[in-house]
Peer 1: 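Shown below is the structure under consideration.
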Amino acid sequence: MAGALQVLNALDAAKTQWYHFTAIVIAGMGFFTDAYDLFCISLVTKLMGRIYYHVEGSGKPGSLPPNVSAAVNGVALCGTLAGQLFFGWLGDKLGRKKVYGITLILMVVCSIGCGLSLGHSPSAVMATLCFFRFWLGFGIGGDYPLSATIMSEYSNKKTRGGFIAAVFAMQGFGILGGGVFAIIVSWAFNSRYDAPPYEVDPLGSTVPQADYVWRIVLMFGAIPAALTYYWRMKMPETARFTALVAKNAKQAAADMSKVLQTDIEAEPQKLEKMAAPGSSFGLFSNEFLKRHGLHLLGTSSTWLLLDIAFYSQNLFQKDIFSAIGWIPAAKTMNAVQEVFWIARAQTLIALCSTVPGYWFTVFLIDRMGRFSIQLMGFFFMTVFMFAIAIPYNHWTHKENRIGFVSMYSLTFFFANFGPNATTFVVPAEIFPARLRSTCHGISAAAGKLGAIIGAFGFLYLSQSPDKNKTEAGYPPGIGVKNSLLVLGVVNLLGLLFTFLVPEPKGKSLEELSGENEEDDNNDDSRG
């Protein structure tokens with residue numbers, strides 16, 4: 001059946017060639033934009049607090065109220081979760097390519113909309129921003145299952161893991177790009193519109209032009225997305241969707257003959273055999289539950305647990321850096337300088353640990369295997385998180401800052417040379433073609449639920465237990481130390497749930513999903 005189709009065998013056995021790299025860049029630029037858009041908001045929230053929530057006579061610069069901060073940081077994640085489920089399902093119904101263009105258009109329009117958020121009052125500006133951030137997230141959500149599925153279905157079986165991981169690795173460059181661009185913009189504005197620190201002149205420390213800084217940073221995300229639209233529309237539909245889902249062997253063979261530059265036989269007769277009774281069980285069937293239920297639980301739970309830890313660290317890096325003194329006290333800087341220092345800190349972390357971690361995965365995933373990398377990643381994330389949390393007071397001393405940042409960087413390194421990459425790769429490999437995008441979307445949505453828990457939960461949990469030391473408007477929490485201990489336990493659970501996930505290394509997609517078995521057992525088809 002599927003494995004015997006010449007067009008799929010040709011893809012599985014194809015040598016690495018130019019079209020593979022083209023597909024990585026086209027899909028990867030979408031992921032660059034996704035990461036840029038999701039993480040750049042954390043660079044400018046403190047600036048928005050100064051601009052819109054300045055309190056006359058206060059010893060500290062204005063900051064976003066807890067509900068506003070939670071909404072601004074979290075609304076895109078909620079949109080992403082919804083987009084992953086919706087576009088994942090749609091990708092299996094309409095085809096990967098058709099839906100791919102819709103997500104990009106949405107991202108471009110909403111990135112621009114975020115920068116144009118207007119209103120007569122702070123609450124109106126924030127409400128408009130949240131509206132566009134939600135729909136931006138919705139478009140980003142669609143990119144997850146579609147990019148992974150397209151790259152998976154285009155790849156050969158020997159290097160498939162590395163190719164899918166390379167698409168995801170563009171996320172590292174997106175985070176890095178956001179930091180670098182924010183540094184450039186804040187440096188340019190600070191040079192042009194010099195202002196005194198907050199402690200010298202509270203009102204004068206935020207120049208009117210600072211309002212353009214956050215808008216420019218958010219709008220820039222539209223550019224890489226717009227640049228890749230044309231190339232996305234030129235990509236043919238994947239052969240696996242065309243043959244196995246749309247049942248058009250002739251079109252699949254024609255498309256891949258052009259891509260692989262070789263003659264491929266259509267074999268419509270083999271395709272007819274695939275329509276045997278029982279070969280098209282649905283997502284909510286007992287057959288799916290029996291064959292792939294534990295796999296879906298494994299991919300969803302590990303992604304959920306990983307993202308609780310990953311997003312709580314990433315979205316609130318700036319707070320952790322401030323707590324240990326790596327970013328100067330807010331009152332000693334003007335508004336634009338604060339953006340510069342936050343962006344500088346996040347860029348250094350991205351450069352030293354985030355980006356290298358992704359590329360270690362790319363180069364080693366098809367040698368070590370997905371399971372080994374994920375297990376190793378969760379193990380070291382647990383170790384380093386506890387190593388930071390247990391002697392946390394030791395790391396807050398000025399002379400120990402470098403040690404703290406090193407340990408913190410290592411948790412990021414092993415997140416990316418570990419479960420942050422593998423949780424994206426595996427769901428695109430182990431499910432049947434007709435449900436692949438949907439199941440990846442469900443797994444990714446579980447991850448975003450974890451991100452929401454991490455982002456919202458850490459915001460409140462990390463507050464000091466002493467109500468006199470909490471940030472304005474927040475109830476007392478359990479403190480940074482105890483929050484990091486909780487994250488250590490979360491990483492340990494991720495390690496345990498990894499045992500539910502199979503190893504896809506070196507196998508064809510049809511072999512992994514059980515679709516090959518349909519040919520051998522037409523009376524008991526295994527779709």
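Small disclaimer: the values here were computed from a predicted structure and weren't measured. Count residues from 1 along the sequence.
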Peer 1: Do Tyr52 and Ser123 pair up side chain to side chain, a donor and an acceptor below 3.5 Å, judged on atom types alone?
Peer 2: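 There is no such pair (donor and acceptor under 3.5 Å, judged by atom type) between the side chains of Tyr52 and Ser123.
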Peer 1: For the side chain of Thr361 and the backbone of Asn416, is there at least one donor-acceptor N/O pair under 3.5 Å apart?
Peer 2: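 Checked: pair present.
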Peer 1: Indicate, with yes or no, if the rings of Tyr358 and Phe173 have centres closer together than 6.0 Å.
Peer 2: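 Centroid separation for Tyr358 and Phe173: 6.0 Å or greater.
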Peer 1: Okay, side chain of Glu503, backbone of Arg370: is any donor-acceptor separation there less than 3.5 Å?
Peer 2: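 Indeed, once roles are kept as given, a pair shorter than 3.5 Å links the two residues.
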Peer 1: Flag yes if more than 12 heavy atoms outside Trp359 fall under 6.0 Å of its CH2 atom; otherwise flag no.
Peer 2: yes
Peer 1: Are Val426 and Pro504 side-chain neighbours, meaning at least one heavy-atom pair lies under 4.5 Å?
Peer 2: yes
Peer 1: Could you go through Ile26 and Met235, starting from their C-alpha distance and side-chain angles, then the distance that decides it, and tell me whether this counts as side-chain contact (heavy atoms from CB on, under 4.5 Å)?
Peer 2: CA-CA 9 Å; Ile26 294 168; Met235 281 178 85; 3.7 Å; yes
Peer 1: What I'd like to find out is whether the side chain of Met107 reaches to under 4.5 Å of the side chain of Leu136, using heavy atoms alone.
Peer 2: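 Yes; the side chains approach each other to less than 4.5 Å.
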Peer 1: Side chains of Trp135 and Phe132: does their closest heavy-atom pair fall under 4.5 Å?
Peer 2: no
Peer 1: For side-chain contact (heavy atoms from CB on, under 4.5 Å), just list the numbers for Ile442 and Leu283, CA-CA rounded to whole Å, side-chain angles, deciding distance to a tenth of an Å, and then say yes or no.
Peer 2: CA-CA 11 Å; Ile442 291 168; Leu283 181 66; 3.7 Å; yes
Peer 1: Between CG of Asn73 and CG of Leu38, what distance do you get to the nearest 0.5 Å?
Peer 2: 11.0 Å
Peer 1: Can you give me the closest heavy-atom contact between Gly91 and Leu146, atom names plus distance?
Peer 2: CA-CD2, 3.9 Å
Peer 1: Compile the donor-acceptor pairs under 3.5 Å between side chains in residues 375-382 and protein atoms, sequence neighbours left out, one pair per line.
Peer 2:
| residue | atom | partner | partner atom | Å |
| --- | --- | --- | --- | --- |
| Thr382 | OG1 | Phe378 | O | 2.7 |
| Thr382 | OG1 | Leu492 | N | 3.4 |

Peer 1: At their closest point, which heavy atom of Leu484 faces which heavy atom of Met385, and how far apart are they?
Peer 2: O-CG, 3.2 Å
Peer 1: Can you confirm whether Met48 sits close enough to Val125 that some side-chain heavy atom of one is under 4.5 Å from a side-chain heavy atom of the other?
Peer 2: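 No, too far: nothing below the 4.5 Å cut-off.
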Peer 1: Would you confirm whether Ser111, through its side chain, and Val108, through its main-chain N or O, come within 3.5 Å as a donor-acceptor pair?
Peer 2: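 Not a single qualifying donor-acceptor pair exists.
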Peer 1: What's the shortest heavy-atom distance between Val217 and Cys40, and which atoms?
Peer 2: CG1-CB, 4.1 Å
Peer 1: Just how far is it from atom NZ of Lys234 to atom OG1 of Thr22, taken to the nearest 0.5 Å?
Peer 2: 10.5 Å
Peer 1: How close do Ala446 and Ser300 get, counting heavy atoms only, and between which atoms?
Peer 2: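 Reported closest heavy-atom pair: CB-O, 3.4 Å.
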Peer 1: Taking the side chain from Arg215 and the backbone from Ser117, do they hold a donor-acceptor pair closer than 3.5 Å?
Peer 2: yes
Peer 1: Taking side chain as C-beta onward, heavy atoms only, is Thr45 less than 4.5 Å from Ile41?
Peer 2: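 Yes, close enough: below the 4.5 Å cut-off.
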Peer 1: Look at the side chain of Asp255 and the backbone N and O of Pro236, then say whether any donor-acceptor pair between them is shorter than 3.5 Å.
Peer 2: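 Not confirmed, Asp255 side chain does not pair with Pro236 backbone.
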Peer 1: Could you tell me whether the side chain of Trp187 reaches within less than 4.5 Å of the side chain of Val339, counting heavy atoms only?
Peer 2: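 No. Closest side-chain heavy atoms not under 4.5 Å.
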Peer 1: Show me the donor-acceptor pairs within less than 3.5 Å that the side chains of residues 219-231 make with the rest of the protein, sequence neighbours left out.
Peer 2:
| residue | atom | partner | partner atom | Å |
| --- | --- | --- | --- | --- |
| Thr228 | OG1 | Pro224 | O | 3.3 |
| Thr228 | OG1 | Ala225 | O | 3.0 |

Peer 1: Which is it for Tyr144 and Phe87 under the ring-ring contact (aromatic ring centres under 6.0 Å, His included) test, yes or no, and what are the steps along the way?
Peer 2: CA-CA 9 Å; Tyr144 275 73; Phe87 287 118; over 10 Å; no
Peer 1: In the structure I gave you, are the side-chain heavy atoms of Leu289 and Phe284 within less than 4.5 Å of one another anywhere?
Peer 2: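 No, every pair of side-chain atoms sits at 4.5 Å or beyond.
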Peer 1: Is it the case that the side chains of Gln374 and Thr498 hold a donor-acceptor pair, with the cut-off being a distance below 3.5 Å and no angle test?
Peer 2: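 Indeed, the side chains of Thr498 and Gln374 share at least one donor-acceptor pair under 3.5 Å.
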Peer 1: As an exercise, state the distance from CZ of Arg160 to CD1 of Ile365, rounded to the nearest 0.5 Å.
Peer 2: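 The CZ atom of Arg160 sits 10.0 Å away from the CD1 atom of Ile365.
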Peer 1: Just how far is it from atom CG of Leu47 to atom OG of Ser186, taken to the nearest 0.5 Å?
Peer 2: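 Between atom CG of Leu47 and atom OG of Ser186 there are 9.5 Å.
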Peer 1: Assign the ring pair Phe163 / His20 to parallel, tilted or perpendicular, where the plane angle (0 to 90°) is split at 30° and 60°.
Peer 2: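 Rings of Phe163 and His20: parallel, under 30°.
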Peer 1: Quick check against the 3.5 Å criterion: does Asn491 have a side-chain atom that pairs as donor or acceptor with the backbone of Leu487?
Peer 2: yes
Peer 1: Is there a side-chain contact (heavy atoms from CB on, under 4.5 Å) between Ile24 and Met151? Walk through the geometry before answering.
Peer 2: CA-CA 7 Å; Ile24 288 169; Met151 201 63 239; 3.8 Å; yes
Peer 1: Identify the two heavy atoms, one from Phe168 and one from Asn420, that lie closest to each other, and give their separation to 0.1 Å.
Peer 2: CE2-O, 2.7 Å
Peer 1: So do Ile373 and Phe360 actually touch side chain to side chain, heavy atoms under 4.5 Å?
Peer 2: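 Not touching, per the 4.5 Å side-chain cut-off.
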Peer 1: On a heavy-atom basis, which atom in Ala428 and which in Ile164 lie closest, and how many Å separate them?
Peer 2: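 Result for this residue pair: CB-CD1, 4.4 Å.
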Peer 1: Donor-acceptor check, side chain of Glu237 to backbone of Lys97, threshold 3.5 angstrom: yes or no?
Peer 2: yes
Peer 1: Kindly determine whether Lys448 and Asp307 satisfy side-chain contact (heavy atoms from CB on, under 4.5 Å), including the steps that lead there.
Peer 2: CA-CA 7 Å; Lys448 278 298 162 282; Asp307 270 8; 3.7 Å; yes
Peer 1: Would a distance-only check, ignoring hydrogens and angles, find a side-chain to backbone donor-acceptor pair under 3.5 Å from Asp366 to Gly161?
Peer 2: yes
Peer 1: Working to the nearest 0.5 Å, report the span between CG of Leu449 and CH2 of Trp303.
Peer 2: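 If we round to the nearest 0.5 Å, Leu449:CG and Trp303:CH2 are 13.0 Å apart.
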Peer 1: Could you label the plane-to-plane angle of the Tyr154 and Tyr19 rings as parallel, tilted or perpendicular, counting under 30° as parallel and over 60° as perpendicular?
Peer 2: tilted
Peer 1: Should we say atom CZ of Phe497 is surrounded by more than 12 heavy atoms from elsewhere, each under 6.0 Å from it?
Peer 2: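 For Phe497, atom CZ is not crowded (no more than 12 foreign heavy atoms under 6.0 Å).
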Peer 1: Do we get Arg96 above Phe241's six-membered ring, with its NZ or CZ under 6.0 Å from the centre and within 45° of the axis?
Peer 2: no
Peer 1: Once rounded to the nearest 0.5 Å, what's the spacing between atom SG of Cys439 and atom CG of Asp92?
Peer 2: 7.5 Å
Peer 1: Check whether Arg133 reaches the backbone of Gly79 with its side chain - one donor and one acceptor, N or O, closer than 3.5 Å.
Peer 2: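 Here the side-chain-to-backbone pair does not exist.
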Peer 1: Salt-bridge test for Glu510 and Arg240: reply yes if a basic N is under 4.0 Å from a carboxylate O, no otherwise.
Peer 2: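 Looking at Glu510 and Arg240, the cut-off is met.
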Peer 1: Check the angle between the aromatic planes of Phe288 and His292 and answer parallel, tilted or perpendicular using the 30° and 60° thresholds.
Peer 2: tilted
Peer 1: State whether the side chain of His440 and the backbone N or O of Ser437 hold a donor-acceptor pair below 3.5 Å, judged by distance alone.
Peer 2: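 Checked: no pair found.
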